[in-house]
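Protein chains get the first letters and strands the later ones, always in sequence-line order, with residue 1 at the start of each.
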There are 2 protein chains.
Amino acid sequence: MAERKAATIGDVAREAGVSRQTVSNVVNSPSIVKESTRLKVQAAIEALGYSPNALARRLRTQRTSTIAVKLDPYSGGVSGVVLDRFVHALTESAAARGLRVLLYAARTLEEELRHLDELADAGEVDAIVLTGTSRGDRRAARLLERGVPFAAFGRPWGTDTAAHPWVDIDGAAGTRSATRHLLDRAGDRIAFLGWPEGSESGSDRERGWREAMGERTAPRLTAEDGVAEGQEAVKALLPNGIDGLVCVSDALAIGAHLAAVQAGRPELPIVGFDNTAAAEALGISSVEQLPERVAAGILEMLMGPEGNKVVAQEPKGLLVEPRLIIR
Amino acid sequence: MAERKAATIGDVAREAGVSRQTVSNVVNSPSIVKESTRLKVQAAIEALGYSPNALARRLRTQRTSTIAVKLDPYSGGVSGVVLDRFVHALTESAAARGLRVLLYAARTLEEELRHLDELADAGEVDAIVLTGTSRGDRRAARLLERGVPFAAFGRPWGTDTAAHPWVDIDGAAGTRSATRHLLDRAGDRIAFLGWPEGSESGSDRERGWREAMGERTAPRLTAEDGVAEGQEAVKALLPNGIDGLVCVSDALAIGAHLAAVQAGRPELPIVGFDNTAAAEALGISSVEQLPERVAAGILEMLMGPEGNKVVAQEPKGLLVEPRLIIR
DNA sequence: GCCTATCGTATGATCGTTCCAATAAAAATT
DNA sequence: AATTTTTATTGGAACGATCATACGATAGGC
């Protein structure tokens with residue numbers, strides 16, 4: 001039967017014949033309460049169906065047990081799924097640590113900065129999780145300046161790597177292992193299809209390919225992210241006779257795959273990046289980021305290895321090695 | 001410069017030489033305050049960088065301005081993106097209405113029920129948004145019983161359609177228009193590839209095909225959701241010589257497309273459902289759900305057409321007509 | 001000039017919890 | 001047995017806002 005009004009800690013105290021504080025102790029640190037008292041109080045809690053009011057508790061403790069994360073507007077492309085997986089994982093890991101995840105949406109940087117300010121000013125969250133850091137990230141700078149605890153999925157590109165806590169995928173390691181795998185299996189001429197100049201993670205991934213190639217040479221081309229763009233770019237390349245192709249994204253890999261099929265080379269080994277459902281459906285190999293491990297890492301940055309509340313951590317970074325999925 | 005401690009309403013009152021209540025009025029209902037006083041108070045607010053504390057306000061008003069929504073575990077398939085898009089859209093629309101969105105994760109029904117109880121007991125949210133309703137949904141029943149305001153993305157299948165507020169995609173309308181389109185364009189024998197018995201939305205979508213077909217006949221087959229499954233199912237069918245194919249999901253449509261290509265009929269018109277990135281990448285037509293409209297509808301159910309707080313609404317449903325994307 | 005409305009502002013209580021300091025009771029030490 | 005230490009519990013204050021009500025000032029009606 002639903003009660004008209006929820007029982008408060010005072011009701012329980014009266015029912016059990018103890019003080020409010022004792023009830024509070026039974027709930028929050030049972031070990032310091034004498035067993036007989038504890039049982040009495042627990043019975044009262046059961047009887048009244050008492051459950052502590054989260055709002056009152058938060059006001060008193062000045063802790064919300066909530067972290068905020070931005071949900072990017074749906075991009076509509078093949079990629080973008082990685083961030084969703086990350087948010088999924090973050091929510092699960094956070095729940096296991098007694099934290100809730102609050103979403104905020106923003107279409108522009110200005111809007112996002114405004115949201116961050118609001119969340120911090122109103123004391124709505126204990127910490128913030130940033131995603132997709134860029135060179136000279138203004139959000140990170142703002143949060144640092146205001147002293148809001150945060151950690152980022154993404155490196156502080158270009159600045160001190162210990163500017164703030166962060167976890168990132170080691171893109172170079174991913175393309176390196178992809179390239180090595182193709183070198184082993186297909187031949188020496190392993191080409192690379194990247195994004196145009198200007199993307200930090202793009203050049204990180206390209207670096208992995210270069211490092212694995214060493215002295216060998218093979219074409220390196222670029223295209224804006226997208227299936228059609230990848231197809232177009234590779235169409236021109238194929239006559240060159242390459243042995244394999246490493247792509248900076250699944251969208252480009254899919255385009256490359258379609259071009260290869262059209263050119264009568266369906267067996268050309270191609271590796272994408274992100275291991276999206278589309279690549280899986282087409283049987284294209286891909287480098288899989290591990291957003292679950294990133295999420296766990298982020299929480300560890302914020303709360304320490306064990307704790308269940310946000311505490312100040314010294315800034316440090318963690319690189320997660322991605323996994324090559326061969327199809 | 002970051003202050004050591006945030007200013008409170010009392011600080012502002014003292015600075016402006018008025019009472020706390022007057023400051024509160026300036027913030028919440030400026031119109032009832034005399035202009036001269038208002039300016040004075042606003043100046044003080046500026047000077048101190050005051051921002052109302054959300055926790056205190058929530059405790060006092062007993063309103064959290066927060067709604068909860070479940071984030072499903074990453075399924076890994078082609079589909080599943082629709083729900084992500086919905087959550088995106090919900091977050092944006094909610095922000096526009098002054099609401100925050102809190103996530104919860106659950107792997108099982110029991111776990112979800114527990115989370116719902118916790119959220120309600122602790123008074124953490126003003127309302128809950130359910131997704132993926134089923135026949136005799138226990139979550140809906142529980143929330144109704146406890147008097148927690150909620151609305152669902154999904155119909156109350158099988159029971160009274162006004163059991164609770166809901167918004168859903170009109171799946172039958174989607175497949176109906178897809179089927180009609182193929183009938184116009186390709187011929188009379190438009191087959192249907194559905195899921196095995198037992199899915200409510202699956203049979204809803206099949207109904208749309210049946211209605212559009214009328215007296216005409218064409219094969220109807222089923223497969224578990226998945227690219228490989230779809231490919232397998234269609235491989236056996238093609239000899240029958242069909243003119244087109246409507247599928248209950250993009251995953252099946254992609255499988256069907258691959259089978260058609262292999263069988264030398266790449267031009268076979270196929271329509272999927274959900275308009276996922278994978279379908280787009282392969283140039284497969286699809287029925288697009290409109291999660292943005294569902295999100296807006298859900299909020300209207302909870303808050304009325306205009307309001308910015310959750311109010312009791314009479315239970316009613318809304319069917320959103322999906323859109324056929326032709327490629 | 002008096003009485004009543006209206007408006008703007010102030011005061012104290014309250015939301016439900018935890019913190020803090022104090023106290024009573026029990027146990028350990030001398 | 002007196003004293004100190006430890007343990008268990010208590011009562012009041014505080015977190016920071018809004019609610020309900022009361023009050024003074026100004027304006028309006030006759």
Side-chain angles (χ1 to χ4, degrees), chain A residues 3-42 44-45 48-66 98 118 120-124 126 309, chain B residues 3-42 44-45 48-66 98 118 120-124 126 309:
Chain A
E3 306 87 59
R4 257 279 140 269
K5 212 162 180 334
T8 73
I9 200 172
D11 299 331
V12 176
R14 204 172 314 114
E15 172 85 9
V18 299
S19 71
R20 290 192 316 277
Q21 182 60 46
T22 299
V23 179
S24 176
N25 287 337
V26 169
V27 172
N28 298 305
S29 29
S31 63
I32 71 165
V33 178
K34 192 163 64 169
E35 178 160 16
S36 60
T37 322
R38 203 184 65 225
L39 293 174
K40 201 168 54 179
V41 171
Q42 276 164 343
I45 290 178
L48 298 179
Y50 168 72
S51 175
N53 181 298
L55 303 175
R57 173 180 281 171
R58 287 175 189 172
L59 174 60
R60 179 63 249 218
T61 61
Q62 299 290 73
R63 218 182 309 118
T64 61
S65 298
T66 303
E118 285 170 7
D121 285 337
E124 294 211 66
D126 293 342
K309 64 184 172 205
Chain B
E3 307 88 57
R4 259 278 141 267
K5 210 161 180 334
T8 72
I9 200 171
D11 300 332
V12 176
R14 204 173 313 113
E15 172 86 9
V18 298
S19 70
R20 292 192 316 278
Q21 182 60 49
T22 299
V23 178
S24 176
N25 287 337
V26 169
V27 172
N28 297 304
S29 28
S31 63
I32 71 165
V33 179
K34 193 163 65 170
E35 176 158 16
S36 61
T37 322
R38 203 184 64 224
L39 294 173
K40 201 168 55 178
V41 172
Q42 276 165 344
I45 289 178
L48 298 181
Y50 168 72
S51 175
N53 182 299
L55 303 175
R57 174 180 280 171
R58 286 175 189 173
L59 174 59
R60 180 64 250 223
T61 61
Q62 298 290 72
R63 218 184 309 121
T64 60
S65 298
T66 303
E118 285 169 9
D121 286 336
E124 294 211 65
D126 292 342
K309 64 183 170 204

Original post:
A:Leu59 has a side chain; which of D:dT10, C:dG16, C:dT17 sits nearest to it?
Top reply: C:dG16

Subject >> Residue pair A:Val26 / A:Gln42, side-chain heavy-atom distance below 4.5 Å >> reply: yes

Original post:
Separation of A:Gln21 atom CD from C:dG16 atom C1', in whole Å?
Top reply: 13 Å

Original post:
Quick one: is B:Ser24 getting a side-chain N or O under 4.0 Å of the D:dA17 phosphate, OP1 or OP2?
Top reply: no

Original post:
Checking B:Thr61 side chain against B:Arg57 main chain: does a donor-acceptor pair fall under 3.5 Å?
Top reply: yes

**OP:** Measure from CG on A:Asn53 to P on C:dT17 and round the result to the nearest Å.
**Re:** 6 Å

Original post:
Counting distance only, does the side-chain N/O of A:Asp126 pair as donor-acceptor with the main-chain N or O of A:Thr64 below 3.5 Å?
Top reply: yes

Original post:
For the pair made of CZ in B:Arg60 and P in C:dG12, what is the distance, rounded to whole Å?
Top reply: 16 Å

Original post:
Side-chain N or O of A:Ser19 less than 4.0 angstrom from OP1 or OP2 on D:dG11?
Top reply: no

**OP:** Classify the nucleic acid contact of A:Arg58 as base, sugar-phosphate or nothing, counting any heavy atom under 4.0 Å across all strands shown.
**Re:** nothing

Subject >> Spacing between A:Asp11 atom CG and C:dC15 atom P, to the nearest angstrom >> reply: 11 Å

Subject >> Protein-nucleotide distance (B:Ile9, atom CD1; D:dG16, atom P), rounded to Å >> reply: 12 Å

**OP:** Taking only Lys NZ, Arg NE, NH1 and NH2, and the carboxylate oxygens of Asp or Glu, determine whether A:Arg58 and A:Glu124 approach each other closer than 4.0 Å.
**Re:** no

**OP:** Nearest-nucleotide wise, let me know which of B:Ala56 and B:Ser36 is further upstream toward the 5' end of DNA chain C.
**Re:** B:Ser36

**OP:** Using whole Å, report how far CG of B:Asp121 lies from P of C:dT17.
**Re:** 12 Å

Original post:
What's the CZ-C1' distance between A:Arg63 and D:dG16, to the nearest Å?
Top reply: 18 Å

**OP:** Please work out if B:Gln62 contacts a base, only the sugar-phosphate, or nothing of the nucleic acid, heavy-atom cut-off 4.0 Å.
**Re:** sugar-phosphate

Original post:
Picking from D:dT10, C:dT17, D:dA8, which would you name as closest to the side chain of A:Lys34?
Top reply: D:dA8

Original post:
How long is the line joining CG of A:Asn25 and P of C:dC19, in whole Å?
Top reply: 9 Å

**OP:** Select base, sugar-phosphate, or nothing to describe what B:Ile32 touches, counting heavy atoms under 4.0 Å on all strands.
**Re:** sugar-phosphate

**OP:** Could you tell me whether the phosphate oxygens of D:dT10, OP1 or OP2, come under 4.0 Å of any side-chain nitrogen or oxygen in A:Thr22?
**Re:** yes

Original post:
Around B:Lys40, counting heavy atoms of other residues, nucleotides and ligands shown, do more than 12 lie under 6.0 Å from its NZ?
Top reply: yes

